[in-house]
2 protein chains.
Amino acid sequence: MQPSKIRKSPRQQRSAETVEAILTATAHILVKDGFDGATTNHIAKKAGVSIGSLYQYFPNKESLVRALNDSHTKEILELMRRRFLETWEAPLEDSVRAIVRAMVEVHRVNPELHRVLVNIVPSIGGLTETKALEDAVAAMLTKFLKARKAELRPLKPELSAFMLVHAVEALTHAAVLERPELLKGELFVDEASRMILGYLLGGPEERKSRQKR
Amino acid sequence: MQPSKIRKSPRQQRSAETVEAILTATAHILVKDGFDGATTNHIAKKAGVSIGSLYQYFPNKESLVRALNDSHTKEILELMRRRFLETWEAPLEDSVRAIVRAMVEVHRVNPELHRVLVNIVPSIGGLTETKALEDAVAAMLTKFLKARKAELRPLKPELSAFMLVHAVEALTHAAVLERPELLKGELFVDEASRMILGYLLGGPEERKSRQKR
DNA sequence: CAAGAATGTGAGCTTTTACTCACATCTGCC
DNA sequence: GGCAGATGTGAGTAAAAGCTCACATTCTTG
């Protein structure tokens, strides 16, 4: 195991607040200056604590980013899980749209932090968590595809889930960062859903034999 | 302009070789150790030149990466342009497949370097080139979509190009790095093409009025 | 109200590493 | 050959920043 997590667990309220302040400051500085530009001293100052306190809880700079990534990842996973459950029984097209909306929601929580983390995490050895998140979402989608088997063209659920997770993730990421105006209305959701449904339903000949639209 | 490029242009053959060796070594070290792990001294050693020679041609560490990114970007763009031209007149489905194959080809040139650059470039200020590449490919695709207008559902070429470029880029990237086995046969090309065509052609009702499949 | 545990402080140590510079060597040219 | 410019060298410098540690303050507990 890498020297990843917390060094000392907080027992008192104030120490929990210190840890919180440090992580908040880390997020701010990271967004502003990037990983290299961010110094631990600067983070401590911004958090309003001494550099010593920072190192009492986090053994090194990487662990700060990893802690941040862990909580961000967890948050995303929980949100996706909730949204999947909510839409589990809805008509196919509605479900797909709901899932796309959930992806947008996830990326909008903290777009800048998200982008920075995506770029930093690989060089920190935090890919395990990111991969785990990806796999978890893909697993949910695989289950979803299996449940909807009757409405879809013949396909390999795992493979299709892999394709869709990566495509939609990238699309959402790009839209949030480069074309935020697409997210004002339903335009982006329309387009992404069209791509997904086109992929899942297949051409006319494959649709004929299926019952629902 | 940033202190990006070359400091001194090589006049003699040997200096050109030195520059080449430095860039090759940079690529190697970058892949092995990442941007932070890579030291200029280490790069110079691997290149078989002195640290002084390195700094005679490159003003700083970032410029090394930028030079590498520039040539990589250029290479990709030229390849894409060639492949687009080659398939300009082919039947729609064949064209789409050719374009997907071209994307795979591009990512396979040097997958590790590609991945490392993608992660480093944003923090180096090299996003301009990457964005320019993205835009150039999107522009080609836009043109392509306009030329094929008669065969497609009603769509906004720029928007569709944006969607497709990002989706396919991410898919290819993911497939090369995480599921290389998909690339052995035509499986990946099949799946990606299906997604693209599903998106461009629309549902049965939209296809009826069009002539070609 | 001790007293010890938990928490907080920040000057400064130590290491790392990008980068310089004074000098050496090579190459082309008259 | 010999000069001038191009090219190459690598020990050394200087600045940055991660991190420690000896000490101070605050909290809890009996």
Side-chain angles (χ1 to χ4, degrees), chain A residues 2-26 28-30 32-68 120 123-126, chain B residues 2-26 28-30 32-68 120 123-126:
Chain A
Q2 313 196 37
S4 41
K5 282 300 179 49
I6 226 124
R7 189 175 245 181
K8 210 174 190 177
S9 304
R11 314 250 162 186
Q12 303 178 5
Q13 168 101 22
R14 66 181 166 141
S15 65
E17 278 162 11
T18 299
V19 169
E20 196 52 39
I22 292 172
L23 286 176
T24 307
T26 303
H28 272 106
I29 304 271
L30 227 46
K32 194 157 65 72
D33 302 328
F35 184 72
D36 293 350
T39 75
T40 48
N41 282 287
H42 195 177
I43 290 172
K45 198 170 186 178
K46 173 118 190 174
V49 305
S50 77
I51 182 66
S53 292
L54 188 153
Y55 278 99
Q56 192 155 22
Y57 297 105
F58 301 92
N60 52 48
K61 199 176 156 184
E62 282 82 13
S63 68
L64 285 168
V65 180
R66 237 174 275 134
L68 220 49
I120 294 174
S123 62
I124 302 297
Chain B
Q2 313 196 36
S4 41
K5 280 301 178 50
I6 225 121
R7 190 173 244 181
K8 210 174 190 177
S9 304
R11 313 253 162 186
Q12 304 178 5
Q13 168 102 21
R14 63 179 168 145
S15 65
E17 279 161 10
T18 299
V19 169
E20 196 53 38
I22 292 171
L23 286 176
T24 306
T26 303
H28 273 106
I29 304 270
L30 226 47
K32 194 157 65 73
D33 303 327
F35 184 73
D36 293 349
T39 74
T40 49
N41 282 289
H42 194 179
I43 290 172
K45 198 169 186 180
K46 172 117 192 177
V49 304
S50 78
I51 183 66
S53 291
L54 188 153
Y55 278 98
Q56 191 156 22
Y57 297 103
F58 300 92
N60 52 48
K61 198 176 157 185
E62 283 81 14
S63 68
L64 285 167
V65 180
R66 236 174 276 133
L68 220 48
I120 294 174
S123 61
I124 302 298

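Every value quoted in this text rests on a predicted model; they were computed, and no experiment measured them.
- Every side-chain hydrogen bond (donor to acceptor under 3.5 Å, both in side chains) that T40(B) has, sequence neighbours left out, goes to Y55(B).
- Atom CD of Q13(B) is separated from atom C1' of dG8(D) by 16 Å (rounded to the nearest Å).
- Remark: C1' of dT7(D) and CG of L54(B) are 14 Å apart, rounded to the nearest angstrom.
- Qualifying side-chain contact (heavy atoms from CB on, under 4.5 Å) partners for T39(B), counting only residues two or more places apart in sequence or in other chains: N41(B), H42(B).
- In this structure, R14(A) places its CZ atom 9 Å from P of dT9(C), rounding to the nearest Å.
- Here S53(A) reaches the OP1 or OP2 of dT9(C): one of its side-chain N or O atoms lies under 4.0 Å away.
- Shown here are the side-chain hydrogen bond (donor to acceptor under 3.5 Å, both in side chains) partners of E17(B), two or more places apart in sequence or in another chain: Q13(B).
- The side chain of I51(B) has dA11(D) as its nearest neighbour among dA11(D), dC19(D), dG8(D).
- One can place CG of L64(A) at 14 Å from C1' of dA17(D), the figure rounded to the nearest angstrom.
- Between F58(A) and L23(A) the shortest side-chain heavy-atom distance falls below 4.5 Å.
- Of all the heavy atoms in E62(A) and F35(A), the pair that sits closest is OE2-CZ, 4.0 Å.
- Rounded to a whole Å, the CD1 atom of I29(B) is 14 Å from the C1' atom of dT17(C).
- Residue S50(B) has no polar side-chain atom (N or O) positioned under 4.0 Å from OP1 or OP2 of dG10(D).
- Taking atom CD of Q56(A) as the reference point, atom C1' of dG10(C) lies 13 Å away to the nearest angstrom.
- Residues meeting the side-chain hydrogen bond (donor to acceptor under 3.5 Å, both in side chains) test with S123(A), sequence neighbours left out: none.
- If you check dT9(D), dC19(D), dG8(C) against the side chain of V49(B), the one that comes closest is dT9(D).
- Between the NZ atom of K46(A) and the C1' atom of dG10(C) there is a distance of 21 Å, rounded to whole Å.
- One interatomic measurement links the two molecules: CD of E62(B) to P of dC19(C), which rounds to 7 Å at whole-angstrom precision.
- Taking the side-chain contact (heavy atoms from CB on, under 4.5 Å) definition, one finds that A47(B) meets it with A21(B), I22(B), A25(B), V49(B), sequence neighbours left out.
- Note on T18(B): every side-chain N or O is 4.0 Å or more away from OP1 and OP2 of dT7(D).
- Contact check, Y55(A) against dC21(D): no side-chain N or O comes under 4.0 Å of OP1 or OP2.
- Scanning residues 35-45 of chain A for heavy-atom distances under 4.0 Å to DNA chain D yields A38(A), T39(A), T40(A), N41(A).
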